[in-house]
Amino acid sequence: MNAPFKPALLLPTSGFAGLAAPHIVAVPTQPLESPHWLAWNASLAQTLGLPAEPTGEWLQVLSGKVAQTPWCSVYSGHQFGVWAGQLGDGRAHTLGQLSAQGVLQDIQLKGAGRTPFSRMGDGRAVWRSSIREYLCSEAMAGLGIPTTRALAVVGSALPVQRETLEQAAIVTRVAESFIRFGHFEHFAHHGHTDALRQLTDDVIARFYLQCADAPNPVLALLEAVIGRTATLMAQWQAVGFCHGVMNTDNMSILGLTLDYGPFGFMDAFDLNHVCNHSDREGRYAYGQQPRVGWWNCGALGSALLPLIGDEQALREALARYEPTFQEALDAAFRRKLGLMRPRADDAQLVGRLMRLLHQNRTDFTLFFRALSHLPREAGADDAVRNLVLDRAACDDWLGAWRARLEWEDSADGPRQSAMLRVNPKFVLRNYLAETAIRAAHEGHPEVLAQLQEVLATPFDEHPDNEAWAAAPPDWAETLAVSCSS
Ligand code: AMP
Ligand code: MG
């Protein structure tokens, strides 16, 4: 057997913040036998200095056959609002780092076997969940929303038991760091104040250097994370993205969208939409996400309190979440409506639209895209009106929107192109992910590659793949996604 390939570019690391066992441990992978490519992200590969074409050597590495021992970390967290105790990298091994134009990126395999933090799990991931994570990471990047990235998916025939018997895959994830709120909560909960301080200092030094000179650097860090989280929530809401499992262990300290599981982009707009079928109470419904983001920042704040040492300052920092979120959301919806100059009653216009879309279960993505094409003069409105059952209510709203455009003397050309740059034509609807998954199982991973390419530039027209902009077909009505993957 050949010795494992040791890629020169991959810099070995042993964890973060100088932490050692039991917090961070070296854990060998269990490589997949007879792996094959399901996806290779050529453009991300190139930014990491890797070849555009996948090689046999990288197939080995990304299927878990690695020369140096990777590491896994412990974290804890609140799941569905309840303290869940110890979790950790149960199926994620970090191999090392690659440099993307001078910025070091952690390279992590998800699904490469059991770790000391696997608990009852098998350490594996299946084709379905790996393809979904790959596609959604890249779809979010294409939309300009902060996210972990995905470099590749490797498939194998290894059977894995889920609701049915499935096959194992590994998705390779890329991010500056996968540190979560749950890492801080873990050390705080166990009274490991030294580790908590080490971790906090490391995160400030590497990612939030501007906080280092603040009078209270840890408070400044919390404020910065609150700002990023609130902004991220506004970005999710503005594209109709539901994460599905906003537990604190799935919240990135860098404000990235992290851990793609039972996520979904809304088709028919419903404020109460729940994409995760395991979420019976709708804790993580679309309309709840901003509030949950705040709650999660509260959990992070509690964990950092021993270092901040000022409860009143902590409360004030948390109180700034809401206005930050609202400002980002208002700005995002103003852009979606093509409004260049803010006006005091804009929130009312947006609120009226949300009610209209909700009551009519209008397709969120199609509506804003069609609206982007409308001229200021009333007339050829059918492309929008046909999306809304209650035509009269739609006309009323369009009248108010047009009056608003008149007020700022909006010019059609620049406004329409600005709207087309923020209202995507293509989002990763569930049925599209399902189409790519089925094609991969039928031996056609090229569908996945094609879909990823379209989602990478979701604001552009893709005439050859026009069909992928459509609302879901009938067969997709019964699709369900849940936590188990
Ligand atoms: P998630 O809900 O996917 O974010 O995972 C929550 C926790 O369960 C994390 O600690 C994961 O590492 C762990 N986990 C999820 N699925 C598996 C699995 N198949 N094997 C081992 N650990 C898992
Ligand atoms: Mg997770």
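Because the structure is predicted, anything quoted here is derived from the model rather than measured. Start at 1 and go down the list; that is how both ligands and their atoms are numbered. Computation of the quantities below employed the complete heavy-atom set of this structure, encompassing side-chain atoms and omitting hydrogens, waters and symmetry-equivalent molecules.
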* **Ring centre gap for H441 and W127 strictly below 6.0 Å** => yes
* Give the atoms of ligand 1, by number and element, whose distance to some non-hydrogen atom of D259 is under 4.0 Å. => 4 (O)
* Asked: For the rings on W71 and F16, is their centre-to-centre separation under 6.0 Å?
  -> yes
* Is S118 reaching over with its side chain to a backbone N or O of G121, donor-acceptor style, under 3.5 angstrom? -> no
* Any N or O of Q79 that comes nearer than 3.5 Å to an N or O of ligand 1? -> no
* Report yes or no: does a heavy atom of G261 sit under 4.0 Å from some atom of ligand 1? => no
* To do: Establish, yes or no, whether a centroid distance under 6.0 Å links the rings of Y286 and F269.
  => yes
* Count the heavy atoms of every other residue, nucleotide or ligand shown that sit under 6.0 Å from CH2 of W294, and state whether that count exceeds 12. => no
* Non-hydrogen atom of N250 closer than 4.0 Å to ligand 1 -> yes
* To do: Check whether any side-chain heavy atom of P472 sits under 4.5 Å from a side-chain heavy atom of R429, and report yes or no.
  => yes
* **Proximity flag M120 to ligand 1, non-hydrogen atoms under 4.0 Å** => no
* Could you tell me if the ring centre of H78 sits under 6.0 Å from that of F181? => no
* Per-atom contacts, ligand 1 versus G121 - under 4.0 Å to a heavy atom -> 18 (C), 20 (N), 21 (C)
* Contact flag D259/the Mg ion (ligand 2), N/O/S atoms, threshold under 2.8 Å -> yes
* To do: Specify side chain, backbone, both or neither for R124, according to which of its non-hydrogen atoms lie closer than 4.0 Å to ligand 1.
  => backbone
* Just which atoms of ligand 1 are under 4.0 Å from any heavy atom in G123? -> 18 (C), 19 (N), 20 (N), 21 (C)
* To do: Assign the ring pair H190 / H192 to parallel, tilted or perpendicular, where the plane angle (0 to 90°) is split at 30° and 60°.
  => parallel
* To do: Report, in ascending order of atom number, the atoms of ligand 1 lying under 4.0 Å from any heavy atom of Y75.
  => 9 (C), 10 (O)
* To do: Check ligand 1 against G88 and write out every atom of the ligand that is under 4.0 Å from a heavy-atom position of the residue.
  => 9 (C), 10 (O), 11 (C), 12 (O)
* Please state whether the separation between the Mg ion (ligand 2) and some N/O/S atom of N247 is under 2.8 Å? => no
* Hey, does the side chain of N465 reach the backbone of L451 with a donor-acceptor pair shorter than 3.5 angstrom? -> no
* Asked: Would one find an N or O of V245, backbone or side chain, under 3.5 Å from an N or O of ligand 1?
  -> no
* Any N/O of L87 closer than 3.5 Å to an N/O of ligand 1? -> no
* Under 4.0 angstrom from ligand 1, any heavy atom of R162? -> yes
* **Side-chain H-bond candidate by donor/acceptor type, Y260 with T147, under 3.5 Å** => yes
